[in-house]
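One structure below.
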Amino acid sequence: SPPATAAIPGDYLVGPGDEIFLRTWGSVDADLRLVVDRNGQVNIPKVGTVSVSGTSYANLSKVLQGSIAKTYSGVNVSATMGQLRGIRVYVTGYALNPGAYTVNNLSSLVNVVMAAGGPSTAGSFRSIQLKRAGKVVSTFDLYDLLLKGDKSADRPVTAEDVIHVGPSGMQVAITGAVNKPAIYELKLGESLQDLLAYAGGFVSGANAEAINYLGLTTRQQGFKSVANSEFTAKKLLDGDIYLATSEVALRQPVDKQMRMVRVDGQVNKP
């Protein structure tokens with residue numbers, strides 16, 4: 001969650017449950033702790049109730065000063081936010097722990113997804129939707145953050161938002177002489193070049209001129225080779241397996257080269 005000391009953006013809208021620290025000086029000196037009530041108002045002694053719900057943080061001091069100036073002249077006002085109200089959002093779909101979450105009012109889509117444990121093994125990392133009033137307002141690709149370090153598409157959440165984690169899409173495996181062998185979720189239209197980028201590219205000493213390929217529907221035919229010149233054009237299909245080899249492995253006798261086998265059944269790590 002965002003830290004309690006996180007800067008409050010100027011467009012933050014004050015609402016019921018928020019705490020306001022009000023300081024006045026000049027003709028009246030006072031330090032007050034005010035809490036916005038359910039009607040969106042604060043009660044200032046000897047001034048009365050002032051409606052602040054929906055006021056942006058940037059304009060809060062101005063609004064309060066205008067109300068206080070009706071009673072006291074020559075007064076200066078400074079208003080800052082104290083403890084912020086919590087908001088309830090919902091995580092649905094294929095999250096590890098779906099449910100209703102009460103989060104910091106400055107939380108974003110990523111904060112809530114992390115609070116829910118991220119996508120489950122059947123959940124999508126590439127299609128996480130932020131829904132507001134029944135409409136999709138944003139779709140976040142978690143690979144942007146996890147593999148590229150890019151959080152720019154993250155969006156702040158508001159009360160009663162729904163974050164929906166869709167089912168996992170097409171999955172393709174890459175193993176062997178790459179920096180991060182794994183099973184990756186790919187979007188329709190992504191190529192072998194994209195898969196290699198997600199896997200961090202070839203390791204030093206790898207054979208970068210070609211990669212071995214095993215299709216889901218051609219398992220019985222064994223591995224085929226895909227040349228480097230075809231990496232960008234090679235479209236990926238669900239269940240594909242790519243095996244990158246190293247120059248050292250290629251120089252081994254055939255009977256000592258790497259082989260892929262499937263271990264299934266009652267074993268600890270099938």
How long is the span from the CG atom in L147 to the NZ atom in K180, to the nearest 0.5 Å? 8.0 Å
Within one Ile-Leu-Val-Met-Phe-Trp-Tyr cluster: V136 and V110, side-chain cutoff 4.5 Å: no
Sequence neighbours excluded and cut-off under 3.5 Å, please list the side-chain donor-acceptor pairs for residues 231-243, or say none.
residue	atom	partner	partner atom	Å
K235	NZ	G189	O	3.3
D238	OD1	Q171	N	2.8
D240	OD2	L237	N	2.8

N228 side chain vs A208 backbone, donor-acceptor pair below 3.5 Å: yes
Going by the ring pair (Phe, Tyr, Trp, His ring centres under 6.0 Å) test, which pairs reach into residues 40-91, not counting sequence neighbours? none
Against L64, only a single residue in T55, V52, V47 fulfils side-chain contact (heavy atoms from CB on, under 4.5 Å); can you say which? V52
side-chain contact (heavy atoms from CB on, under 4.5 Å) between Q129 and V162: does it pass, once the steps are laid out? CA-CA 8 Å; Q129 295 179 331; V162 175; over 6 Å; no
May I ask you to decide if S73's main-chain N or O and S27's side chain share a donor-acceptor pair within less than 3.5 Å? yes
Walk me through it: do Y12 and N105 pass the test side-chain contact (heavy atoms from CB on, under 4.5 Å)? CA-CA 9 Å; Y12 174 81; N105 202 30; 2.5 Å; yes
For residues 92-133, the ring pair (Phe, Tyr, Trp, His ring centres under 6.0 Å) pairs (sequence neighbours left out) are none
Reported CD1-to-CD1 distance for the pair I128 and I163, which is rounded to 0.5 angstrom: 8.5 Å
Work out which heavy atom in S53 is nearest to a heavy atom in P16; give both atom names and the distance. OG-CD, 3.9 Å
I need the minimum non-hydrogen distance between L192 and I211, along with the two atoms involved. CD2-CG2, 3.7 Å
Test side-chain contact (heavy atoms from CB on, under 4.5 Å) applied to D161 and V112, L109, V89, V91, the passing residue: V89
What's the separation between atom CG in L142 and atom CG in L145, rounded to the nearest 0.5 Å? 6.0 Å
Greater than 12 external heavy atoms within 6.0 Å of N268's CG: no
If you apply the rule side-chain contact (heavy atoms from CB on, under 4.5 Å), what do you find for N104 with N111, and how did you get there? CA-CA 9 Å; N104 184 305; N111 295 136; over 6 Å; no
D194 and Y184: side chain donor to acceptor below 3.5 Å: no
Hey, is the main chain of V28 close enough, under 3.5 Å, to the side chain of T24 for a donor-acceptor pair? yes
M81 and D18: which non-hydrogen atoms are nearest, and at how many Å? CE-CB, 3.7 Å
Give me the atom names and distance for the closest heavy-atom approach of R132 to V157. NH2-CA, 4.1 Å
In this structure, CG of L96 is separated from CE of M114 (nearest 0.5 Å) by 12.5 Å
Under the ring-ring contact (aromatic ring centres under 6.0 Å, His included) rule, collect the residues that match up with Y198, sequence neighbours excluded. Y143
Under 3.5 Å donor-acceptor pairs involving side-chain atoms of residues 34-46, not counting sequence neighbours:
residue	atom	partner	partner atom	Å
D37	OD1	N39	N	2.9
D37	OD1	G40	N	3.1
D37	OD1	Q41	N	2.9

Working to the nearest 0.5 angstrom, can you tell me the gap between F140 CZ and K151 NZ? 7.5 Å
Should we count NZ of K62 as having more than 12 external heavy atoms under 6.0 Å? no
Does E160, at its CD atom, have more than 12 non-hydrogen atoms belonging to other residues, nucleotides or ligands within less than 6.0 Å? yes
side-chain contact (heavy atoms from CB on, under 4.5 Å) partners of S67, counting only residues at least two apart: V50
Output all residues satisfying side-chain contact (heavy atoms from CB on, under 4.5 Å) with A210, sequence neighbours left out; order by chain, then residue number. N207, S225
Partners passing salt bridge (Lys or Arg N to Asp or Glu O under 4.0 Å) against K148 (at least two apart in sequence or in another chain): D144
Heavy-atom donor-acceptor pair, E19 side chain to G82 backbone, under 3.5 Å: no
Tell me every residue that passes side-chain contact (heavy atoms from CB on, under 4.5 Å) with S56, counting only those two or more places apart in sequence or in another chain. L13, A58, N59
So do the side chains of V172 and E190 get within less than 4.5 Å of each other, counting heavy atoms only? no
Heavy atoms, side chains only, cut-off 4.5 Å: are P9 and L106 in contact? yes
Can you get from I183 to L196 by hopping between Ile, Leu, Val, Met, Phe, Trp and Tyr side chains that sit under 4.5 Å apart? no
Spacing of D154 atom CG and S107 atom OG [to the nearest 0.5 Å]: 10.0 Å
Nearest heavy-atom pair of L186 and R126: which atoms, and what distance? CA-NH1, 3.8 Å
Could you list the residues that satisfy side-chain hydrogen bond (donor to acceptor under 3.5 Å, both in side chains) with K224, not counting sequence neighbours? Q221
P181: what forms a side-chain contact (heavy atoms from CB on, under 4.5 Å) with it, not counting sequence neighbours? T175, V178
Check whether V203 and L195 end up in the same hydrophobic cluster, where Ile, Leu, Val, Met, Phe, Trp and Tyr are linked by side-chain heavy atoms less than 4.5 Å apart. no
Residues two or more places apart in sequence or in another chain: which of them pass side-chain hydrogen bond (donor to acceptor under 3.5 Å, both in side chains) with D11? none
Minimum-distance pair of heavy atoms, taken over all atoms of A153 and S138: O-OG, 4.1 Å
